[in-house]
Amino acid sequence: MAEKDFFERVYGVVRQVPEGRVTTYGAIARYLGAARSSRMVGWAMNNSHAVGGVPAHRVVNRKGLLTGKHHFPGTDLMEQLLWNEGVEVEDDQVIHFDRLFWDPNKEIKQE
DNA sequence: TCAGTGACTGACC
DNA sequence: GGGTCAGCCACTG
């Protein structure tokens with residue numbers, strides 16, 4: 001893969017997340033070879049609004065918790081977006097997270 | 001320049 | 001098995 005910015009790689013991975021699926025900060029960080037820099041993934045999401053086209057609502061923490069929902073314009077926008085894609089959310093947590101989890105390491109795993 | 005903070009995670013007790 | 005600690009890197013005051 002080309003030597004793109006760390007953020008660009010994060011965005012690239014998030015954009016590849018299929019509709020109705022979710023992934024985690026850790027999975028993305030691991031895919032980028034920075035498993036211990038998962039916070040940077042979260043930071044990238046914080047900046048994703050400036051880039052646009054990044055379904056940040058499909059990115060949750062490893063527990064399937066919508067930890068970043070408060071960073072969305074609407075209080076429940078993140079949850080609404082997930083519901084709109086067929087992802088069930090309850091108590092700020094993705095239901096059947098294990099089933100909906102989309103691992104870039106397994107789905108992409110190339111380059 | 002230094003110190004604090006954050007949309008996280010894994011290890012340790 | 002649940003709470004605590006440290007590591008990671010970038011940004012802000």
Side-chain angles (χ1 to χ4, degrees):
Chain A
M1 130 151 62
E3 288 289 327
K4 291 190 173 183
D5 293 334
F6 181 78
F7 284 17
E8 292 246 350
R9 296 191 209 172
V10 175
Y11 302 148
V13 175
V14 178
R15 288 201 193 96
Q16 293 180 68
V17 178
E19 213 175 274
R21 292 298 191 103
V22 294
T23 189
T24 69
Y25 301 96
I28 297 171
R30 200 170 336 183
Y31 174 74
L32 298 177
R36 296 184 178 86
S37 302
S38 48
R39 280 187 166 170
M40 290 302 91
V41 178
W43 181 242
M45 291 299 98
N46 191 18
N47 263 313
S48 67
H49 70 86
V51 180
V54 181
H57 59 278
R58 292 179 192 153
V59 184
V60 296
N61 70 357
R62 77 180 195 85
K63 298 174 188 170
L65 204 63
L66 278 59
T67 52
K69 65 173 291 182
H70 295 297
H71 290 258
F72 277 75
T75 318
D76 295 324
L77 179 60
M78 186 174 184
E79 184 177 328
Q80 290 300 318
L81 288 171
L82 289 172
W83 273 102
N84 189 40
E85 295 183 357
V87 179
E88 297 179 80
V89 180
E90 186 173 294
D91 193 31
D92 297 345
Q93 189 170 329
V94 176
I95 302 177
H96 301 308
F97 174 66
D98 294 341
R99 186 164 59 83
L100 298 175
F101 176 58
W102 185 84
D103 189 354
N105 298 283
K106 295 178 180 177
E107 302 296 336
I108 304 178
K109 194 200 283 186
Q110 27 205 341
E111 300 185 53

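Bear in mind that the values here come from a model prediction, so they are computed numbers and not experimental data. Order of the sequence lines fixes the chain letters, A, B, ..., with proteins taken first and strands second; residue numbering starts at 1 for each chain.
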Residue-phosphate contact under 4.0 Å: A/Arg30 side-chain N/O, B/dG10 OP1/OP2: yes
Quick one: are [X] and [Y] in side-chain contact, heavy atoms under 4.5 Å?
{"X": "A/Thr67", "Y": "A/Val60", "answer": "no"}
{"X": "A/Tyr31", "Y": "A/Arg9", "answer": "no"}
{"X": "A/Trp102", "Y": "A/Val22", "answer": "no"}

Gap in Å between the two P atoms, one belonging to C/dC5 and one to B/dG4, rounded: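 To the nearest whole Å, 16 Å.
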From CZ (A/Phe7) to CE (A/Met40), nearest 0.5 Å: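 Rounded to the nearest 0.5 Å, the CZ-CE separation comes out at 7.0 Å.
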Distance (rounded to the nearest 0.5 Å) between A/Glu19 CD and A/Leu82 CG: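 One gets 10.5 Å once the value is rounded to the nearest 0.5 Å.
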5' priority, DNA chain B, between A/Arg62 and A/Met40 [closest heavy atom]: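 Taking each residue's closest nucleotide, the earlier one in sequence belongs to A/Met40.
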Whole-Å distance separating the [atom1] atom of [X] from the [atom2] atom of [N]:
{"X": "A/Met45", "N": "C/dC11", "atom1": "CE", "atom2": "C1'", "answer": "16 Å"}
{"X": "A/Phe6", "N": "C/dC11", "atom1": "CZ", "atom2": "P", "answer": "12 Å"}
{"X": "A/Leu32", "N": "C/dC9", "atom1": "CG", "atom2": "C1'", "answer": "14 Å"}
{"X": "A/Lys63", "N": "C/dG2", "atom1": "NZ", "atom2": "P", "answer": "10 Å"}
{"X": "A/Tyr25", "N": "C/dC8", "atom1": "OH", "atom2": "P", "answer": "21 Å"}
{"X": "A/Ile28", "N": "C/dC9", "atom1": "CD1", "atom2": "P", "answer": "18 Å"}
{"X": "A/Tyr11", "N": "B/dA7", "atom1": "OH", "atom2": "C1'", "answer": "12 Å"}
{"X": "A/His70", "N": "B/dA7", "atom1": "NE2", "atom2": "P", "answer": "10 Å"}

Paired and unpaired positions of DNA chain B as dot-bracket, Watson-Crick or G-U wobble under 3.5 Å, | denoting a partner strand: .|||||.||||||
Donor-acceptor pairs under 3.5 angstrom involving side-chain atoms of residues 47-59 of chain A: please list them, not counting sequence neighbours.
from    : atom 1 : to      : atom 2 : distance (Å)
A/Ser48 : OG     : A/Met45 : O      : 2.5
A/His49 : NE2    : A/Asn46 : O      : 3.2
A/His57 : NE2    : A/Glu85 : OE2    : 3.0
A/Arg58 : NE     : A/Glu85 : OE1    : 2.9
A/Arg58 : NE     : A/Glu85 : OE2    : 3.3
A/Arg58 : NH1    : A/Val17 : O      : 2.7
A/Arg58 : NH2    : A/Glu85 : OE2    : 2.8

Closest approach of A/Arg62 to A/Thr24 (non-hydrogen atoms, all atoms of both residues):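 Residues A/Arg62 and A/Thr24, closest heavy atoms: CA-CG2, 3.8 Å.
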Touch class at under 4.0 angstrom, heavy-atom based, for A/Asn46 against every strand present: base
Sugar-phosphate, base or nothing in reach of A/Ala56, heavy atoms under 4.0 Å: base
Options C/dC9, C/dC11, B/dT9, nucleotide nearest the side-chain atoms of A/Ser37: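 The answer is C/dC9.
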